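Computed from a predicted model, the values in this text were never measured in an experiment. Order of the sequence lines fixes the chain letters, A, B, ..., with proteins taken first and strands second; residue numbering starts at 1 for each chain.
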2 protein chains.
Amino acid sequence: MTSSQGGRVTQRKIAELAGVSQATVSLVLNGRTDNGVRIPEETRKRVLDVIKATTYVADPVARSLVGGMNNLVGVFTYEHAFPNETSDFYTPLLTGVESAAEALGLDLLMFTSAPLVDGRRRIFHENSRLRLADGCILLGRKMDNGELAKLRDSGYKFVAIGRRDVEGIAYVGVDYGTPTRELARQAIEAGHSAAFYARLSLAGESSRDRHDALTDELAAAGIALTQAETTAVGLAEVWRRVRAGGATILFVEDPKDAEELYALAAADGVAVPDDLSFVVLGERDRKGGCGVDFTCFSAPRTELGARAVALLDQILKGVQGPTLSTRQLLECTVLPGRTLGVPSVRSYR
Amino acid sequence: MTSSQGGRVTQRKIAELAGVSQATVSLVLNGRTDNGVRIPEETRKRVLDVIKATTYVADPVARSLVGGMNNLVGVFTYEHAFPNETSDFYTPLLTGVESAAEALGLDLLMFTSAPLVDGRRRIFHENSRLRLADGCILLGRKMDNGELAKLRDSGYKFVAIGRRDVEGIAYVGVDYGTPTRELARQAIEAGHSAAFYARLSLAGESSRDRHDALTDELAAAGIALTQAETTAVGLAEVWRRVRAGGATILFVEDPKDAEELYALAAADGVAVPDDLSFVVLGERDRKGGCGVDFTCFSAPRTELGARAVALLDQILKGVQGPTLSTRQLLECTVLPGRTLGVPSVRSYR
DNA sequence: CCCCCGTGATAATAGGTATTATCCTCTTGA
DNA sequence: TCAAGAGGATAATACCTATTATCACGGGGG
């Protein structure tokens, strides 16, 4: 009631104070000098002076309505963006997003109004406010490719973080295949001949990449590989199968699974890496910093975020000069760790 | 493909299809039955059927435009909001901010476009975009009270996190005095009679609170207290003075200082708490989670963030029903830790 | 003298929704 | 038959900005 009429300074108020029309104010603000538009320096200065005196800022809502730019980059996260007890997934990415946005003079609009249902946010809900931003960065492990396609068809500009196998979608992702192959080769060189892969569902692109790279590389070396999906069969059962199968090396996709399997191994008196090697095909978990020094790899997450913003900015502003690729893959670093060793001769069963 | 070129489905299109006016569609959608508004069941059903058949979604932009409010809560941080190598200060607060915003259906606007100068952001810079949001949460250790007063005078609605001794400013802060007194009493009960206080500058309200509470409580018990400002004299010198002074207990305001002083003590072979007790008058540092289990206290930071958003929301929407206080202080929890013990009889010098 | 053109600024309008005032029709009571 | 009123739906308008078409004015060339 009070805040709407008394509060906001509009172009009309500026116009009154400067003794010009609202249209003139808009033209000055946008620095228009196109065909037919001429504003003498004197008038321009008068308007700008009034604006400075009043702290005017264009209403992003009205601006969006007419299709203008807000210098707002949306950030959509499928889960809570800020870390809580259970998750600290986005933080490194957002660090990069923030620094890039700062460098480009953009503000970040976090779509917290999209409520979590079943622990996930939905892009298309009752009243999605995505359009408040000029474009959007999409963050999340499990995006729905159907939703992505729908969003793309709506004409909305966005960049996904993580590779997406959907036609016409810009992304900045991580090459998981190469480090997976590298670790597989290390395992082969170490002399392992029986491996187990505790993986996640193959629904996501990154999971498939790891899976394909690992199976491919091991098969080429003639090494036996048994697989199990941890969420499907449960970690206790996975561990039982590992022991029953006689594998000397265990590849684990999810770092949390790795922590737990490691604990199970320790409980059974299995020494790592003397009895059994552990290789994590993913990021070392931050929260587990006090834990095990796993052999794993690390993605440049902060740079990932920064690149995504830069790419989105380019897409929004239209191409000019050197262009960034709309589909980028960044390289991982392999972290040696202390959990990959030579296979033991003795059986630990 | 349907929605991109043809544009989105609007109320007007629904109206045409249902053979009614746009106003009727709006009334149906909002379920209005107020005075004067009557819509027979038959018409209502017809409109709803058309809506179901199409993919109509109300445009949030237009909706905000007419409402006057953006449902945007600004978040202004004086430093980078997202953690980097050097700082992880805001994260717990932002976790609370996010959950409260989600509950209230608000989006968060992070003012990253305000560039850092000398490691700090400035509220009033070239073109502050603060007014993009309906109101704003202010986060930061060292806010400038002059800036705050200026912002208040501009009529802008905001809530500060942390107590601010500026007239007419809403805040949600932490009561540091009470836990400081509590820890001081514990020290007294333990038998300490000579204390040292390694503190920060007294510029901030929270620093003064701690200082006043500590000096007051110790003085009442007739205990000698020596002070030094760590940033002014340097930690090495502080440590020298601590040793020279013969204090049996060291109060440290800043957790990082505490970590370093602890390291200096360890290097000198001083045992904690047997030779010297450490009490931290602040939050245990997260990054130092693997480090020392300091006796300290902990502020409910997540709740702090959530309350700030709730308070701002109330201020923006105008009062109705039970009201939150515009100046709140939350209680700390004292964490016993392992660094407060009884004073040693032997001198460690 | 009239036409044309350059200069400077404005009126009008779109964009989608919510709200209010207004209008039309039909029924009922006197 | 007319006034009153209820029921049903719409036109008009506001919200704020960006854009386009238009207008007023004066000077120079024909």
### Message
How many whole angstroms separate atom CG of Leu132(A) from atom C1' of dG16(C)?
### Response
14 Å
### Query
Looking at the side chain of Arg32(B), which of dG8(D), dT19(C), dG16(C) is the nearest nucleotide?
dT19(C)
#### Entry: Residue Ser21(B), side-chain atoms from C-beta onward, closest of dA18(C), dT17(D), dT10(D)
dT10(D)
### Task
Could you check which of dT19(C), dG7(D), dG8(C) has an atom nearest any side-chain atom of Arg38(B)?
dG7(D)
### Query
Asn70(A) CG to dC16(D) P: how many Å, rounded?
15 Å
#### Entry: Atom-to-atom span, CZ of Arg63(B) to P of dC16(D) - whole angstrom
18 Å
### Query
Hey, are the side chains of Arg163(A) and Arg327(A) touching, using non-hydrogen atoms and a 4.5 Å cut-off?
no
### Rounded distance (Å) that lies between atom C1' of dA9(D) and atom CD of Glu16(B)
17 Å
### Query
What integer distance in Å separates Arg12(A):CZ from dT13(C):C1'?
13 Å
### Message
In this structure, is the centre-to-centre distance between the rings of Phe82(B) and Phe82(A) below 6.0 Å?
### Response
yes
### Task
Indicate whether OP1 or OP2 belonging to dT17(C) is found under 4.0 Å from a side-chain N or O atom of Tyr56(B).
yes
#### Entry: Nearest-Å distance for atom pair CG/C1', residues Asn30(B) and dT20(C)
14 Å
### Task
Give Thr10(B) one of three labels, base, sugar-phosphate or nothing, depending on what nucleic acid heavy atoms sit under 4.0 Å from its own.
sugar-phosphate
### Task
Grab the NZ-P distance between Lys45(B) and dG8(D) for me, whole Å please.
17 Å
### Task
Name the nucleic acid region contacted by Ala23(A), choosing base, sugar-phosphate or nothing; use a 4.0 angstrom heavy-atom cut-off, strictly under.
base
### Message
So if I take every side-chain heavy atom of Val20(A) and compare against dT17(C), dT10(C), dG8(C), which nucleotide ends up nearest?
### Response
dT10(C)
### Summary
Looking only at dA11(D), dG16(C), dA9(D), the nucleotide nearest the Pro40(B) side chain is dA9(D)
### Nucleotide nearest Asp59(A) when distance is taken to its side chain, options dA11(C), dT19(C), dC16(D)
dC16(D)
### Query
Atom CD of Glu42(B) to atom C1' of dG8(D): distance rounded to whole Å?
12 Å
### Query
Does Gln22(B) get its side chain close enough to the base of dA18(C), under 3.5 Å, for a donor-acceptor pair?
yes
### Cation-pi geometry met for Arg141(B) and Tyr78(B) (6.0 Å, 45°)
no
### Message
With nearest nucleotide decided by heavy atoms, which residue, Thr43(B) or Leu65(B), maps closer to the 5′ end of DNA chain D?
### Response
Thr43(B)
### Task
Looking at every strand, decide which applies to Ser26(A) at a 4.0 Å heavy-atom threshold: base, sugar-phosphate, or nothing.
base
### Message
Test your reading of the model: is there a side-chain donor-acceptor pair from Glu98(A) to the backbone of Thr112(B), 3.5 Å cut-off?
### Response
no
### Task
Go through Thr10(A) and Asp59(A) one step at a time and tell me if the side-chain hydrogen bond (donor to acceptor under 3.5 Å, both in side chains) criterion holds.
CA-CA 8 Å; Thr10(A) 73; Asp59(A) 185 336; over 6 Å; no
